[in-house]
Protein chains: 2
Amino acid sequence: MSFPPKTDREAILRTALEIVETQGWAALSMRELARKLGLRASSLYHHFPDRNAIEEALGAKAASSLLLALKSSSTGLKGKEKLQALSIAYVEFASHSPALYHLIAAAPSSSDTHPEAKALWNLLLDSVSELTKQTDDTAAVVALWAFLHGYVALEAAGKFGPSGAKGGLDRGLSALLTGLTKKQNIL
Amino acid sequence: MSFPPKTDREAILRTALEIVETQGWAALSMRELARKLGLRASSLYHHFPDRNAIEEALGAKAASSLLLALKSSSTGLKGKEKLQALSIAYVEFASHSPALYHLIAAAPSSSDTHPEAKALWNLLLDSVSELTKQTDDTAAVVALWAFLHGYVALEAAGKFGPSGAKGGLDRGLSALLTGLTKKQNIL
DNA sequence: GTCTATAAAAGGATAGAC
DNA sequence: GTCTATCCTTTTATAGAC
């Protein structure tokens, strides 16, 4: 009796993503993953050294997806319009793939782990600095990123209640972009 | 041989908080909690029905602590100064008690679970509405809360790197407060 | 590459003695 | 109120057969 291949790295990652998006991170166990793939948990160790490797591969996928989404949302745009497009794409990515987003945003890491994290930062840095006319306007990036992440995180946690956030995103975004360009707020 | 009391609800909660703040939520097990208290895990069930009850009690404590900190930071203040004081107190609470803050902010609940959550929302709502001169300015509260939470969450995740957030809090806060009061950003 | 079998650890919870 | 003893469940991971 032979044992023909039943899966590969891609199928495992696809299934892992499905579990995580529908049932949350706690539900991602080797057993559950194997069950969905129609094989035994021990077989997974022939494709990934351990559970953590799966999570890391998922993280790399997530970071590059987000970066791609941001880039393609903003090509050809400039100034405030570019930042609005970036912001909308950011929020949409997070609400469409909350678990993947969580992996990117809540991971206890800075730019060290994935080169995409650095690229993401630079994308924001260039776009924001262009708007505020300050070179390397780190503080402004921090402010914008904080706002976007906070909105996404609170929304995902259901903190805005059933009635929803009601314009808080647009309101905050335009207030922030307006305020960041004002001179009195720079010093 | 008798078995004199070794603990009570307060000591248990205090110890649980200590574990959570120093080792994270994953480390809070009945066994570890009992070990730190110098007794057996089974004894804890005479004080709390189950692990979840401990977590809920901790959550109630956290929410009322935050509310108290916000209130006492802003009594007697008005307008932009009141909001700045509230914001600073919010951020300080979160950085001083990250695990407790996480319990408040990441819990998948709205105002239903704790009355403090509603009180917190109302405190922000009143203060923000006074500044923007709009009655029940929900969108502005959403914007401010998102910014504060995002800043705190990204900072806690180390996303701003070793160099730190470098003025991003002050910059964003003043930009946001300025921008939120402008008429063109309201409609 | 998948299988069975199993080790090993960790955690929640209960029964009944004292 | 705490103790010992125990059960049950879940999970990661490895060894060796096919």
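Worth knowing before you read on, the calculation uses all heavy atoms, side chains too, and leaves out hydrogens, waters and symmetry mates.
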Set of side chain to side chain donor-acceptor pair (under 3.5 Å) partners for [X], sequence neighbours left out:
| X | answer |
| --- | --- |
| A/Gln23 | none |
| B/Glu55 | B/Arg51 |
| B/Tyr151 | none |

Heavy-atom donor-acceptor pair, B/Ser29 side chain to B/Glu32 backbone, under 3.5 Å = yes

Taking only heavy atoms on the protein side, list every residue of residues 40-51 of chain B lying under 4.0 Å from any atom of DNA chain C, sorted numerically.
-> B/Ser42, B/Tyr45, B/Asp50, B/Arg51

Is there a residue in residues 28-38 of chain B whose heavy atoms reach under 4.0 Å of DNA chain C, and which residues are they?
-> B/Ser29, B/Met30, B/Arg31

More than 12 foreign heavy atoms under 6.0 Å from [atom1] of [X]: is that the case here?
| X | atom1 | result |
| --- | --- | --- |
| B/Glu21 | CD | yes |
| A/Lys36 | NZ | yes |
| B/His47 | NE2 | yes |

Members of residues 7-16 of chain B that approach DNA chain D, where some heavy atom sits under 4.0 Å away = B/Thr7

State plainly whether one hydrophobic cluster holds both B/Val91 and B/Leu144, where clusters connect Ile, Leu, Val, Met, Phe, Trp and Tyr through side-chain heavy atoms under 4.5 angstrom apart.
-> yes

Please report the distance, rounded to the nearest Å, between [atom1] in [X] and [atom2] in [N].
| X | N | atom1 | atom2 | result |
| --- | --- | --- | --- | --- |
| A/Asn52 | D/dT11 | CG | C1' | 15 Å |
| B/Trp25 | C/dG12 | CH2 | P | 13 Å |
| A/Ile19 | D/dT10 | CD1 | P | 16 Å |

Anything under 30° is parallel, anything over 60° is perpendicular, the rest tilted; go ahead and classify A/His149 against A/Tyr101.
-> tilted

Going from CG on B/Leu17 to OG1 on B/Thr22, what distance comes out if it is rounded to the nearest 0.5 angstrom?
-> 9.0 Å

